[in-house]
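Down below is the structure, laid out as structure tokens.
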Amino acid sequence: MLQINYIRENKAAVIEGLTKKYFADAEQIVNEIIETDQIRRDTQHNLDLMLADANSKAKAIGDLMKAGKKEEAEKEKAAATELRSKTKELQDLHTIKEEELNALLVKLPNLPHHSVPAGRTAEENINIYSHGEVPTLHADAQPHWELIKKYDIIDFELGNKITGAGFPVYKGKGARLQRALINFFLDEAGKSGYTEVQPPIMVNEASAYATGQLPDKDGQMYYANEDKFYLIPTAEVPITNIYRDMIIREEDLPIKNTGYTPCFRREAGSWGADVRGLNRLHQFDKVELVQIATPETSYAILEEMKKHVQGLLEKLELPYRILHLCAGDMSFTSALTFDFEVYSAAQKRWLEVSSVSNFEAYQANRLKLRYKVDGKTQLLHTLNGSALALPRIVASILENNQTPEGIRIPKALQAYTGFDLIK
RNA sequence: AGAGAGGUGUCCGAGUGGUUGAAGGAGCACGCCUGGAAAGCGUGUGUACGGGUAACCGUACCGAGGGUUCGAAUCCCUUCCUCUCUACCA
């Protein structure tokens with residue numbers, strides 16, 4: 001959530017940023033916010049004065065009672081009652097205005113960082129880096145949804161039976177490959193100084209709200225009605241929420257956490273040819289990086305996280321490219337996002353396997369995540385990135401590394417899989 | 001799930017409805033003391049919002065939300081959570 005003080009003082013920049021993100025009616029909503037805020041502040045000022053008055057009256061009555069002047073106290077009570085009832089009206093108005101203001105603020109997405117390219121759709125993202133050769137496959141090469149059947153390593157039919165579409169069963173070397181990737185990613189994160197955590201994979205409403213999934217993505221998360229818990233769409237939610245309502249000591253920054261969790265996404269409204277096989281699932285595995293940093297360091301840290309993800313993809317010997325997302329294609333809460341895409345040779349498609357973002361103070365404002373500088377409390381910056389999401393990595397390993405003898409496992413993974421070929 | 005106990009500041013822990021934003025500790029910061037340190041002594045040490053250039057002032061906050069009252073951490077209702085015992089169970 002954007003800070004009201006910032007909006008008040010930087011109205012033009014806010015409208016400009018929102019417009020860059022193709023947010024509809026930016027100017028109108030910002031104006032409405034500023035007006036509502038003004039009424040809220042005026043109301044509070046008047047209310048505070050009145051309450052101060054009422055408090056001193058109450059105190060005076062107390063003193064009279066103590067002094068034994070009962071009758072005088074009784075006389076004062078009538079005036080005090082009157083005053084109190086007047087404060088109620090202002091109190092109600094203040095509450096209403098505060099709620100209105102909050103409802104408006106929650107609607108606003110984060111502002112794009114100044115370096116974010118203009119553009120509305122994925123076509124306008126900018127490819128800032130490419131690495132690795134796109135492999136040329138032999139004539140009868142197959143897409144991964146055929147390969148998994150051929151080698152009997154991932155079973156969608158079985159998942160259908162047990163749960164439904166998008167919940168595959170990993171079997172044998174397929175299951176082993178999953179576990180190898182998870183361990184590999186966690187170990188690599190550990191080497192880069194991240195502390196491993198295992199968070200809950202269901203979160204309460206306050207957590208889903210704090211990282212911005214609610215109210216924006218309500219309906220995209222699975223919901224356990226009876227207990228009002230959401231199944232996490234990413235480990236970002238529980239891990240970042242570890243630090244909700246906290247004031248961090250500056251010397252403890254930056255905070256670096258990593259965690260493996262399954263992720264659950266309803267993916268309502270997305271279907272079609274490009275969601276075949278492992279390309280889009282309702283449940284998938286992911287290792288996530290989360291960092292909490294000062295505003296001065298957050299962009300350097302974003303670079304560091306980008307480097308980390310590059311390192312992973314290079315060790316896995318996968319051709320990849322990095323996209324600097326254009327303003328219109330960024331998520332609601334992000335100020336700057338790099339997407340990593342891996343080439344999946346048989347599908348002849350680039351698949352998104354990681355998204356690394358700086359949220360600046362947007363999440364921190366909802367999280368109430370702060371630190372102290374020179375005695376003043378200030379919001380921190382939050383960042384996160386996938387390192388990595390498994391299914392599409394698996395898809396591209398299967399497709400890119402297929403040989404007549406079987407599927408070759410990247411060297412870096414062999415110590416984790418315990419085999420070098422799926423045949 | 002049933003019975004009981006409880007939720008107060010960074011932590012521990014008081015709190016009879018009226019200078020309680022909150023005793024007392026501990027911790028932390030600064031100062032004095034010391035050759036240096038410890039101990040000791042002194043001072044300070046919550047958050048949010050509002051007003052003010054600022055010093056500072058005001059208001060709210062004792063799990064959350066309502067209510068009673070001139071006045072609520074304290075009384076009443078609702079709700080969430082934690083702990084103990086019992087039951088059940090990976």
Side-chain angles (χ1 to χ4, degrees), chain A residues 1-9 33-106 198-210 214 223-230 238 241-253 255 262 361 363-380:
Chain A
M1 188 154 72
L2 299 176
Q3 295 167 82
I4 181 63
N5 292 346
Y6 182 84
I7 297 174
R8 204 187 291 146
E9 286 155 25
I33 284 171
I34 289 174
E35 272 170 45
T36 309
D37 176 52
Q38 188 60 50
I39 298 171
R40 172 194 135 251
R41 282 155 67 203
D42 292 346
T43 308
Q44 182 176 339
H45 188 61
N46 292 332
L47 176 63
D48 283 355
L49 291 175
M50 215 181 264
L51 284 171
D53 198 4
N55 284 344
S56 72
K57 275 217 165 57
K59 207 167 277 180
I61 291 171
D63 290 343
L64 287 174
M65 298 285 267
K66 264 194 216 159
K69 297 176 184 168
K70 253 201 164 156
E71 287 188 13
E72 277 181 57
E74 288 303 324
K75 267 198 282 183
E76 286 298 315
K77 278 193 190 179
T81 311
E82 169 102 20
L83 193 55
R84 274 287 152 180
S85 69
K86 272 193 205 158
T87 66
K88 278 226 163 85
E89 290 171 34
L90 276 184
Q91 198 111 52
D92 290 347
L93 180 63
H94 185 252
T95 307
I96 288 167
K97 287 299 159 188
E98 208 151 49
E99 279 167 3
E100 281 178 10
L101 180 63
N102 202 48
L104 288 167
L105 286 173
V106 157
Q198 274 193 30
I201 59 171
M202 293 179 118
V203 296
N204 58 31
E205 199 178 323
S207 293
Y209 172 81
L214 291 178
Y223 184 56
N225 193 39
E226 192 76 17
D227 294 289
K228 299 183 175 148
F229 293 152
Y230 292 87
N241 268 283
I242 292 172
Y243 302 98
R244 173 149 53 87
D245 284 323
M246 277 184 129
I247 298 177
I248 310 286
R249 291 184 310 184
E250 195 172 2
E251 59 264 35
D252 292 336
L253 296 167
I255 289 171
Q363 288 181 330
N365 194 25
R366 291 201 198 183
L367 287 157
K368 296 200 173 63
L369 169 54
R370 291 102 75 214
Y371 77 121
K372 285 208 181 194
V373 218
D374 305 325
K376 276 174 64 183
T377 47
Q378 202 181 319
L379 292 175
L380 283 162

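Throughout, a chain's letter reflects where its sequence line sits, starting with A, and its residues are numbered from 1. The figures here come from the full heavy-atom set of this structure, side chains too, leaving out hydrogens, waters and symmetry mates. Remember, predicted model here, so these are calculated numbers, not experimental data.
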Would you measure the distance from the [atom1] atom in [N] across to the matching atom in [M] and give it in whole Å?
N      : M      : atom1 : value
B:rU47 : B:rA22 : P     : 15 Å
B:rC56 : B:rG6  : C1'   : 40 Å
B:rG21 : B:rG58 : P     : 12 Å
B:rA23 : B:rC62 : C1'   : 14 Å
B:rU84 : B:rG17 : C1'   : 32 Å
B:rU86 : B:rC11 : C1'   : 33 Å
B:rG25 : B:rU79 : P     : 40 Å
B:rC30 : B:rG63 : P     : 33 Å

Distance check needed: [N] [atom2] versus [X] [atom1], whole Å only.
X     : N      : atom1 : atom2 : answer
A:Q44 : B:rU59 : CD    : C1'   : 7 Å
A:K86 : B:rU59 : NZ    : P     : 18 Å
A:E98 : B:rC49 : CD    : P     : 10 Å
A:M50 : B:rC70 : CE    : C1'   : 16 Å
A:H94 : B:rG50 : NE2   : P     : 8 Å
A:I39 : B:rG50 : CD1   : C1'   : 16 Å
A:Q38 : B:rG50 : CD    : C1'   : 11 Å
A:D48 : B:rC61 : CG    : C1'   : 13 Å

Tell me the partner of [N], counting only Watson-Crick (N1-N3 plus N6-O4 or O6-N4) or G-U wobble (N1-O2 and O6-N3) with both under 3.5 Å; none if nothing fits.
N      : value
B:rC33 : none
B:rG50 : B:rC57
B:rA64 : B:rU78
B:rC88 : none
B:rU10 : B:rA26
B:rG4  : B:rC83

Q.
Both A:S56 and A:R370 contact RNA chain B. Taking the nearest nucleotide for each, which residue is further toward the 5' end?
A. A:R370

Q.
Pick the closest RNA chain B nucleotide for A:Q378 and for A:G62 by heavy atoms, then say which residue is nearer the 5' end.
A. A:G62

If the cut-off is 4.0 Å, is [X] near the phosphate of [N], judged by side-chain N/O to OP1 or OP2?
X      : N      : value
A:R8   : B:rG50 : yes
A:T377 : B:rA48 : yes
A:N55  : B:rG71 : no
A:R84  : B:rG71 : yes
A:R41  : B:rG51 : yes
A:K77  : B:rG18 : no
A:R40  : B:rG50 : yes

Q) Side chains of A:T95 and A:D92: is there a donor and an acceptor less than 3.5 Å apart? A) no

Q) Quick one: do the A:Q38 and A:D42 side chains pair a donor with an acceptor below 3.5 Å? A) yes

Nearest heavy-atom neighbours spanning [X] and [Y]:
X      : Y      : value
A:L380 : A:A364 : O-CB, 3.1 Å
A:D53  : A:S56  : O-OG, 2.9 Å
A:R40  : A:E98  : NE-OE2, 3.7 Å
A:L214 : A:R366 : O-NH1, 2.9 Å
A:Y371 : A:I248 : CB-O, 3.2 Å

Checking all strands, does [X] fall into the base, sugar-phosphate, or nothing category for heavy-atom contacts under 4.0 angstrom?
X      : value
A:L51  : sugar-phosphate
A:E76  : nothing
A:A80  : sugar-phosphate
A:K372 : sugar-phosphate
A:L83  : nothing

Q: Please tell me if the side chains of A:K228 and A:N204 come closer than 4.5 Å, counting only heavy atoms from C-beta onward.
A: no

Q: Could you please name the option among B:rC49, B:rU47, B:rC70 that lies closest to any side-chain atom of A:I247?
A: B:rU47

